[in-house]
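For reference, the structure discussed in these notes is given below.
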Amino acid sequence: RESGHRALHVGQISFVRRLSDRGEDSLVIANADGSNEQTIVTRKQPDFFSMSGPSWSPDGKTIAVGAGRSDRDGRYMTVVGVDIPAHIEQPLTSRRFTGVGRVAWRGPQGNELLINALEQTLGLYQIWLIALPDGDARRVTNDLSDYRDLSLTADAGILAVTQSDQLSNLWSMESAAPESARQITSGKYDGYYGLDWRPDGQLVYSSSNGGNQDIWQMDAGGSNQRQLTSEARSNVWPTVSADGRYIIFTSDRTGTLHLWRVDRDGNNPVQLTNGSGEDWASISPDGR
């Protein structure tokens, strides 16, 4: 699998080649007609390069690309600069992201990078600006849209982005009467990351109405909506115990997705797992 991006100096292209059977990603340059390929650097799993496309520096000596790595704190992505003559990569920022997509070099002096990056698991890609050489990263966008790609004009005066938006709402209907279906929420990600019934007929569901993905509850008709969780960027996939006493859900509040439990009112959070990352629980009928 290959992911290419046009070169910023005439006659060459750069791209990432993924060889899944070997478990390696390579950053490659070649002439515009595909001839004279040169592998600049290679990463072996679990390290990898972003498949969304690298970017040449204005002087043509460095290629910036999203790169992934794992350490004792978990898996993360950042942006590295690859020195083409020396075949050496160096980090361009110390900022850790969950995901890094397209990279674009900005400015004739090559002192800024624009990227679309994911700050949290199950979050939204936003546009970030990385100042060089110190590597400080700040968000350019801060909204509920998902920016999946970007490209700069040659003079870096205009940024074009692909904006993805999603509407997900909860509906209710009687099982024997499809014509009774009606919408009962009006958020953007209501129920997208899970929902479950309580024994008393209330509905527990995921929603981003509070800014992050959290667990909410409401009456079956959509009234009395109330947020039950916070303290994380992603609290998702709720499952209610058969007696209605507990809610089990997935949370990244410690930095990695684990299973957590709260009481029916959202209080007394308890971490249930502590592995390398767990997701989407199901409770046995006896509650054990």
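The first residue of the sequence shown is numbered 1, and numbering continues consecutively from there. Reckoned from all heavy atoms, side chains included, excluding hydrogens, waters and symmetry mates.
In terms of hydrophobic clustering, with Ile, Leu, Val, Met, Phe, Trp and Tyr side chains grouped at heavy-atom distances under 4.5 Å, Val236 and Ile248 are assigned to different clusters. Under the 4.5 Å side-chain heavy-atom criterion for Ile, Leu, Val, Met, Phe, Trp and Tyr, Met51 and Val80 are members of the same hydrophobic cluster. Leu257 and Met77 fall into different hydrophobic clusters, where Ile, Leu, Val, Met, Phe, Trp and Tyr are joined by side-chain heavy atoms under 4.5 Å apart, directly or via other members.
Side-chain heavy-atom separations under 4.5 angstrom define the hydrophobic clusters, and the remaining members of the one that includes Trp216 are Leu170, Ile184, Leu195, Trp197, Leu203, Tyr205, Met218.
Atoms OG1 and CZ, on Thr98 and Arg75 in that order, are 10.5 Å from each other to the nearest 0.5 Å.
By the side-chain contact (heavy atoms from CB on, under 4.5 Å) test, Asp286 is found to be paired with Ser284, Arg288, residues two or more places apart in sequence or in another chain being considered. Here Leu124 pairs with Gln126, Leu144, Asp146, Tyr189 under the side-chain contact (heavy atoms from CB on, under 4.5 Å) rule; sequence neighbours left out. In this structure, the side-chain contact (heavy atoms from CB on, under 4.5 Å) partners of Asp165, at least two apart in sequence or on a different chain, are Lys188. Checked against side-chain contact (heavy atoms from CB on, under 4.5 Å), Ala131 has the following partners two or more places apart in sequence or in another chain: Asp134. Applying the side chain to side chain donor-acceptor pair (under 3.5 Å) criterion to Ser282, with sequence neighbours excluded, gives no partner residue.
Without hydrogens or angle criteria, Ser57 side chain to Thr62 main chain gives a donor-acceptor distance under 3.5 Å. In this structure, the side chain of Asp83 does not engage the main chain of Ile88 through any donor-acceptor pair within 3.5 Å. Checked by atom type and distance alone, the side chain of Thr250 pairs as donor or acceptor with a backbone atom of Trp280 at under 3.5 Å. Judged by distance alone, the side chain of Gln271 and the main-chain N or O of Thr273 form a donor-acceptor pair under 3.5 Å. Judged by distance alone, with hydrogens and angles left aside, the side-chain atoms of Gln227 form a donor-acceptor pair with the main-chain N or O of Thr229 at under 3.5 Å. With hydrogens and angles disregarded, no donor-acceptor distance shorter than 3.5 Å links the side chain of Asn31 to the backbone of Asp33. Under the 3.5 Å distance criterion, the side-chain polar atoms of Asn235 are left unmatched by any main-chain donor or acceptor of Ile215. The closest donor-acceptor contact from the side chain of Ser241 to the backbone of Gly287 lies at 3.5 Å or more, if one exists at all. In terms of modelled atom types and a separation under 3.5 Å, the side chain of Asp196 and the main chain of Val240 share a donor-acceptor contact. With Ser50 contributing its side chain and Gly66 its backbone, the two residues share no donor-acceptor pair below 3.5 Å.
A donor-acceptor pair shorter than 3.5 Å cannot be found between the side chains of Arg95 and Thr93.
Counted within 6.0 Å of CZ on Arg245, heavy atoms from surrounding residues, nucleotides or ligands total 12 or fewer; the atom is thus considered open. Atom CD of Glu231 has 12 or fewer neighbouring heavy atoms from other residues, nucleotides or ligands inside a 6.0 Å radius. The number of heavy-atom neighbours closer than 6.0 Å to CZ of Arg96, taken from other residues, nucleotides and ligands shown, is above 12. Counting heavy atoms of neighbouring residues, nucleotides and ligands inside a 6.0 Å radius, atom CD of Glu174 does not exceed 12 of them.
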Practice problem: Verify salt bridge (charged side-chain N to carboxylate O under 4.0 Å, His left out) between Arg233 and Asp252, making sure each step is shown before the conclusion. | Solution: CA-CA 7 Å; Arg233 294 189 176 99; Asp252 65 354; 5.7 Å; no

Quiz item: Run the side chain to side chain donor-acceptor pair (under 3.5 Å) check on Asn267 and Asp265 step by step: do they pass?
Solution: CA-CA 6 Å; Asn267 292 323; Asp265 58 4; 3.0 Å; yes

Quiz item: For Arg198 and Asp243, what are the C-alpha separation, side-chain angles and deciding distance, and is it a salt bridge (charged side-chain N to carboxylate O under 4.0 Å, His left out)?
Solution: CA-CA 8 Å; Arg198 289 188 191 275; Asp243 60 5; over 6 Å; no

Practice problem: Kindly determine whether Arg18 and Glu24 satisfy salt bridge (charged side-chain N to carboxylate O under 4.0 Å, His left out), including the steps that lead there. | Solution: CA-CA 6 Å; Arg18 174 162 294 167; Glu24 64 182 36; over 6 Å; no

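Using a 4.5 Å cut-off on side-chain heavy atoms (C-beta onward), Arg17 and Leu27 make no contact. For the pair Ile40 and Val28, the minimum side-chain heavy-atom distance is 4.5 Å or more. Counting heavy atoms from C-beta on, the side chains of Ile84 and Ile63 come closer than 4.5 Å. Counting heavy atoms from C-beta outward, Ile247 and Asp263 have side chains that stay 4.5 Å or more apart. Side-chain contact between Val161 and Ile127: present, with at least one pair of heavy atoms (C-beta onward) separated by less than 4.5 Å. Residues Leu272 and Trp260 form no side-chain contact, since every pair of their non-hydrogen atoms from C-beta on lies 4.5 Å or further apart. Looking only at side-chain heavy atoms (C-beta outward), Leu132 and Ile130 come within less than 4.5 Å of each other. Side-chain contact between Leu114 and Leu152 is present, with at least one heavy-atom pair separated by less than 4.5 Å.
Nearest approach of Asn209 to Gly187, heavy atoms of both residues: OD1-CA, 3.6 Å. Contact detail for Ile13 and Ala32: the closest heavy-atom pair is CG2-CA, 4.4 Å. Considering all non-hydrogen atoms of both residues, Ser206 and Tyr192 come closest at OG-N, 3.8 Å. The minimum heavy-atom distance linking Val140 with Trp128 is given by the pair CG2-C, 4.0 Å. Phe97 approaches Ala137 most closely through the heavy-atom pair CZ-CB, 4.5 Å.
Salt bridge annotation for Asp25-Arg43: absent, with no cationic side-chain nitrogen under 4.0 angstrom from a carboxylate oxygen.
Aromatic rings from Tyr193 and Trp237 are positioned such that their centres are separated by under 6.0 Å.
Geometrically, Arg261 engages Tyr246 in a cation-pi contact, judged by NZ or CZ lying under 6.0 Å from the ring centre and within 45° of the ring axis.
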